[in-house]
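Here is how names work: the chains are called A, B, and so on, in the same order as the sequence lines, proteins then strands, and each is numbered from 1. Note that these values count all heavy atoms, side chains included, but never hydrogens, waters or copies made by symmetry.
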Amino acid sequence: MRLSRFHLATIKEVPADAEIASHKLMLRAGMLRKLAAGIYTWSPLGLRVLRKVEAVVREEMNRAGAIELLMPSVQPKELWDETGRWEKFGGQLLKIRDRKDAWYCYGPTHEEVITDFARTELKSYKQLPVNFYQIQTKFRDEIRPRFGVMRAREFLMKDAYSFHIDAASLDAEYRNMYDAYAPIFTRLGLAFRAVQADAGAIGGNASHEFQVLADSGEDAIAYSTESDYAANIEMAEALAPSAQRPAPSASLERVATPTQKTIDDVSAFLGVDPKQCIKTIVVRGREGLVALCVRGDHEVNEVKAAKLDELPGESALADEAAILAATGARPGSIGPVGLPESVPVIVDRSAAVLADFVCGGNQDGTHYRGANWDRDARVTRVADIRKIVEGDPSPDGRGTLKIARGIEVGHVFQLGQKYAEAMGASVLDDAGKAVVMQMGCYGIGVSRIVAAAIEQNNDAAGILWPEPMAPWKVAICPIAAHQNAAVREESERLHAELSAAGVDVLLDDRGLRPGPMFADMELIGIPHRVVISERGLAAGTFEYRKRSEPENRALSRAELLDALK
RNA sequence: CGGGGUGUAGCUCAGCCUGGUAGAGCGCUACUUUCGGGAGGUAGAAGUCGGAGGUUCGAAUCCUCUCACCCCGACCA
């Protein structure tokens with residue numbers, strides 16, 4: 001490729017609204033252009049990278065036995081009504097209307113469409129198992145898109161869906177996909193970790209996420225110092241403390257805390273460790289309100305809480321008026337002591353072993369000290385409802401937990417029969433009996449991988465692409481070619497030779513001065529650079545530099561070709 | 001959804017408080033000198049000041065409405 005015939009549009013200034021390295025660099029390198037919030041044009045340069053990622057994903061999916069197809073991005077409402085997700089999916093679903101006023105959505109995911117496809121295509125157990133995938137544009141109307149293509153509304157995703165006669169077959173394919181994902185991210189040069197995950201809105205049983213490790217990641221993952229345990233912090237179990245609850249030794253006493261509402265304020269005011277306080281959160285339950293109690297230094301894990309039987313499947317804070325009506329106090333003074341019978345009190349495992357604790361007084365401007373479970377406060381149930389913190393014991397009993405940040409680039413789910421059941425997707429088994437199929441689904445955020453790779457691989461000069469996703473492998477940079485025919489000829493010859501050898505090579509024939517030319521090649525992250533100059537020609541060597549290394553090397557022609565092929 | 005902020009040339013921004021002929025840097029075009037780490041000179045093109053309405057002799061500037069975008073929050077008990 002001759003750069004003079006390509007469209008490269010790098011910029012020196014950092015665009016104002018980019019926050020993180022990958023977003024800044026993608027804009028500076030001219031890979032992206034924003035059209036609207038969370039909606040981007042991929043420039044020719046950006047697209048080259050995106051296509052390379054796509055190619056690796058496609059190759060590994062094919063290798064793992066999945067079959068590619070392509071589904072429509074616009075989907076009729078009727079299909080989504082069948083699973084109830086037209087309503088349940090919420091605001092992320094972009095709903096649109098056609099000229100006849102019929103409703104459609106722009107697909108945020110394709111369980112409905114693939115299940116519809118499967119129920120008409122698949123009739124016999126002999127056609128199973130089968131795994132269909134596509135690489136396609138999705139749209140999710142995110143509350144707050146940010147960081148460029150890291151969290152965009154429109155994005156490119158690889159989504160695969162497998163169909164099975166039974167759970168054992170699903171399990172095997174789940175394992176197969178899990179095993180196929182590691183080589184994808186490894187080939188793309190990413191440092192990643194597979195973690196146990198919550199199934200979220202997609203639903204289902206087993207679920208793992210593949211997280212690229214990066215400080216700018218939006219997810220938190222917990223991992224053990226001693227074992228290979230790793231889980232999204234939403235899922236990581238906080239074990240029950242081994243200690244038994246001490247017997248009460250203090251008597252219950254109401255104290256005035258006129259302006260102290262937060263745990264920090266109350267504990268400082270009363271001279272008590274936050275670990276001796278109970279934090280009470282009031283959420284909307286299935287019927288009425290539910291009180292969630294955790295230790296003062298802990299936080300409620302909303303994902304865990306949402307799974308409680310007492311909650312309607314989501315964790316939403318109660319509004320102040322409802323809290324006041326039910327407890328007699330406002331947030332800041334709520335506690336488990338003396339709550340009405342109608343409010344279940346769910347107590348976290350760590351909170352349940354406290355004695356003589358401080359908690360809200362259910363009367364504005366007061367707290368209790370010396371409170372005790374059972375004696376003073378009713379316990380409906382003890383459950384794991386808090387977020388783990390660093391230093392908690394690992395749930396597998398080996399080591400303690402640490403927390404790292406991650407970018408979710410892949411997610412595998414066992415859906416079970418959730419969609420097949422709702423949409424009536426069944427096949428005949430070997431006894432001629434209709435059996436509802438088991439399903440799995442497996443996603444990879446293709447466009448997000450591009451951003452994640454940059455987060456992990458950049459320096460002051462720009463991007464350092466892992467070779468498999470670099471827009472070109474080699475850049476040829478002629479110095480002062482306009483005044484030196486030999487430089488021109490040698491550059492052309494090397495370009496032709498490498499191209500013929502199948503090397504993805506870029507000849508920078510724009511005629512720029514060396515400074516801007518080098519700056520551009522470094523910014524866009526070409527892994528290998530060869531400088532052709534009068535100096536080098538005179539010495540009979542090529543000046544070669546690896547993007548990841550600080551020094552040039554003088555190579556003979558043979559050495560150079562060897563290094564680049 | 002709540003709070004805060006910003007919309008002026010392709011990009012980054014100044015000008016607005018205190019109303020009076022639209023600015024800078026980068027980029028772009030032409031010519032020229034220069035040619036191993038984002039060069040210099042000369043000349044030039046380029047903006048319905050997000051949109052609508054209002055106040056005023058006069059609005060980028062003041063007022064009202066509206067749209068878009070950005071940031072923070074949405075675990076506070």
Student: Need one value for E522(A): base, sugar-phosphate or nothing, where a base atom within 4.0 Å counts as base even if backbone is also close, heavy atoms only.
Tutor: base
Student: Measure across N301(A) and K387(A) and return the closest heavy-atom pair with its distance rounded to 0.1 Å.
Tutor: CB-N, 3.6 Å
Student: Rounded to whole Å, please give me the gap between CZ in R510(A) and P in G37(B).
Tutor: 16 Å
Student: Please give the nucleotide sitting opposite C69(B) as a Watson-Crick or G-U wobble pair, both distances under 3.5 Å, or none.
Tutor: G5(B)
Student: Could you measure between the two C1' atoms, the one in G15(B) and the one in U33(B), and give it in whole Å?
Tutor: 36 Å
Student: Does T262(A) reach a base, just sugar-phosphate, or nothing at all? Heavy atoms under 4.0 Å.
Tutor: sugar-phosphate
Student: Hey, is CG on D215(A) packed in by over 12 heavy atoms from elsewhere, all under 6.0 Å?
Tutor: no
Student: Starting from P on C70(B), measure out to CZ on F147(A) and report it in whole angstrom.
Tutor: 12 Å
Student: Starting at CG of D508(A) and ending at C1' of G38(B), how long is that distance when rounded to a whole Å?
Tutor: 13 Å
Student: Does E154(A) pair with K138(A) as a salt bridge, N-O distance under 4.0 Å?
Tutor: no
Student: NA contact type, R545(A), heavy-atom cut-off 4.0 Å: base, sugar-phosphate, or nothing?
Tutor: base
Student: If you assign T10(A) and P331(A) each to the RNA chain B nucleotide with the nearest heavy atom, which residue ends up on the more 5' nucleotide?
Tutor: T10(A)
Student: Side-chain donor-acceptor pair under 3.5 Å between R405(A) and S216(A), yes or no?
Tutor: no
Student: Please classify the nucleic acid contact of G332(A) as base, sugar-phosphate, or nothing, using heavy-atom distances under 4.0 Å.
Tutor: base
Student: Which of these passes salt bridge (charged side-chain N to carboxylate O under 4.0 Å, His left out) with E522(A): R547(A), R28(A), R529(A)?
Tutor: R529(A)
Student: In whole angstrom, give the distance that lies between atom CZ of R151(A) and atom C1' of C71(B).
Tutor: 16 Å
Student: Judged by each residue's nearest nucleotide on RNA chain B, which is more toward the 5′ side, D520(A) or K279(A)?
Tutor: D520(A)
Student: If every non-hydrogen atom of I407(A) is compared with every non-hydrogen atom of E455(A), which pair is closest and at what distance?
Tutor: CD1-CG, 4.1 Å
Student: Collect all protein-nucleotide pairs involving nucleotides 33-36 of chain B in which both atoms are nitrogen or oxygen and the distance is under 3.5 Å.
Tutor:
{"from": "U34(B)", "atom 1": "O2", "to": "R513(A)", "atom 2": "NH1", "distance (Å)": "2.9"}
{"from": "C35(B)", "atom 1": "N3", "to": "H482(A)", "atom 2": "NE2", "distance (Å)": "3.1"}
{"from": "C35(B)", "atom 1": "N4", "to": "H482(A)", "atom 2": "NE2", "distance (Å)": "2.7"}
{"from": "G36(B)", "atom 1": "O6", "to": "S533(A)", "atom 2": "OG", "distance (Å)": "2.1"}
{"from": "G36(B)", "atom 1": "N1", "to": "E543(A)", "atom 2": "OE1", "distance (Å)": "2.7"}
{"from": "G36(B)", "atom 1": "N1", "to": "E543(A)", "atom 2": "OE2", "distance (Å)": "3.4"}
{"from": "G36(B)", "atom 1": "N2", "to": "E543(A)", "atom 2": "OE1", "distance (Å)": "3.1"}
{"from": "G36(B)", "atom 1": "N2", "to": "E543(A)", "atom 2": "OE2", "distance (Å)": "2.4"}

Student: I need the CD1-P distance between I278(A) and A77(B), as an integer number of Å.
Tutor: 13 Å
Student: Using a cut-off of 4.0 Å on non-hydrogen atoms, how would the nucleic acid contact of K34(A) be classed: base, sugar-phosphate, or nothing?
Tutor: sugar-phosphate
Student: Can you list the steps and then say if D141(A) with Q92(A) is a side chain to side chain donor-acceptor pair (under 3.5 Å)?
Tutor: CA-CA 4 Å; D141(A) 199 357; Q92(A) 287 207 358; over 6 Å; no
Student: Now, which nucleotide makes the Watson-Crick or G-U wobble pair with U42(B), with each of the two distances under 3.5 Å?
Tutor: A30(B)
Student: For the P atoms, the ones on U18(B) and on C31(B), what distance do you get once it is rounded to whole angstrom?
Tutor: 50 Å
Student: So which nucleotide does A24(B) pair with, by the Watson-Crick or G-U wobble rule with both distances under 3.5 Å?
Tutor: U12(B)
Student: Rounded off to whole Å, could you give me the CG-to-P distance for the L8(A) and G10(B) pair?
Tutor: 21 Å
Student: Starting at CD of E142(A) and ending at C1' of A74(B), how long is that distance when rounded to a whole Å?
Tutor: 15 Å
Student: Shorter than 3.5 Å, N or O on both sides, protein versus nucleotides 25-30 of chain B: list them out with atom names.
Tutor:
{"from": "G25(B)", "atom 1": "N2", "to": "E13(A)", "atom 2": "OE1", "distance (Å)": "3.1"}

Student: Run F6(A) and W472(A) through ring-ring contact (aromatic ring centres under 6.0 Å, His included) and show every step you take.
Tutor: CA-CA 12 Å; F6(A) 192 72; W472(A) 293 275; 5.0 Å; yes
Student: On a whole-Å scale, what distance lies between the P atoms belonging to A22(B) and C26(B)?
Tutor: 24 Å
Student: On a whole-Å scale, what distance lies between the P atoms belonging to C69(B) and C63(B)?
Tutor: 24 Å
Student: Distance between the P atoms of A39(B) and G27(B), in whole angstroms?
Tutor: 8 Å
Student: Say we look at U64(B) and A45(B): how far apart would their C1' atoms be, to the nearest angstrom?
Tutor: 38 Å
Student: Starting at NZ of K24(A) and ending at C1' of U12(B), how long is that distance when rounded to a whole Å?
Tutor: 14 Å
Student: Counting the atoms with a prime plus P, OP1 and OP2 as sugar-phosphate, which does R28(A) contact under 4.0 Å by heavy atoms, base, sugar-phosphate, or nothing?
Tutor: base
Student: Indicate yes or no: does D348(A) engage K304(A) in a salt bridge with an N to O separation below 4.0 Å.
Tutor: no
Student: Whom does U64(B) pair with, Watson-Crick or G-U wobble, provided both distances fall under 3.5 Å?
Tutor: A52(B)
Student: Taking the side chain of I143(A) as heavy atoms from C-beta outward, which of A77(B), A74(B), C70(B) is closest to it?
Tutor: A74(B)
Student: What's the gap between A30(B) and C71(B) when it is taken at their P atoms, as a whole Å value?
Tutor: 38 Å
Student: Rounding to the closest angstrom, what is the interatomic distance between C57(B) and G19(B) at atom C1'?
Tutor: 12 Å
Student: Counting only heavy atoms not in K473(A) (residues, nucleotides, ligands), do more than 12 fall under 6.0 Å from its NZ?
Tutor: yes
Student: Checking the side chain of W465(A) only, and the main-chain atoms of I454(A) only, is there a donor and an acceptor separated by less than 3.5 Å?
Tutor: no
Student: Which ring pair (Phe, Tyr, Trp, His ring centres under 6.0 Å) pairs, counting each pair once, include a residue from residues 510-538 of chain A, with sequence neighbours left out?
Tutor: H528(A)-Y544(A)
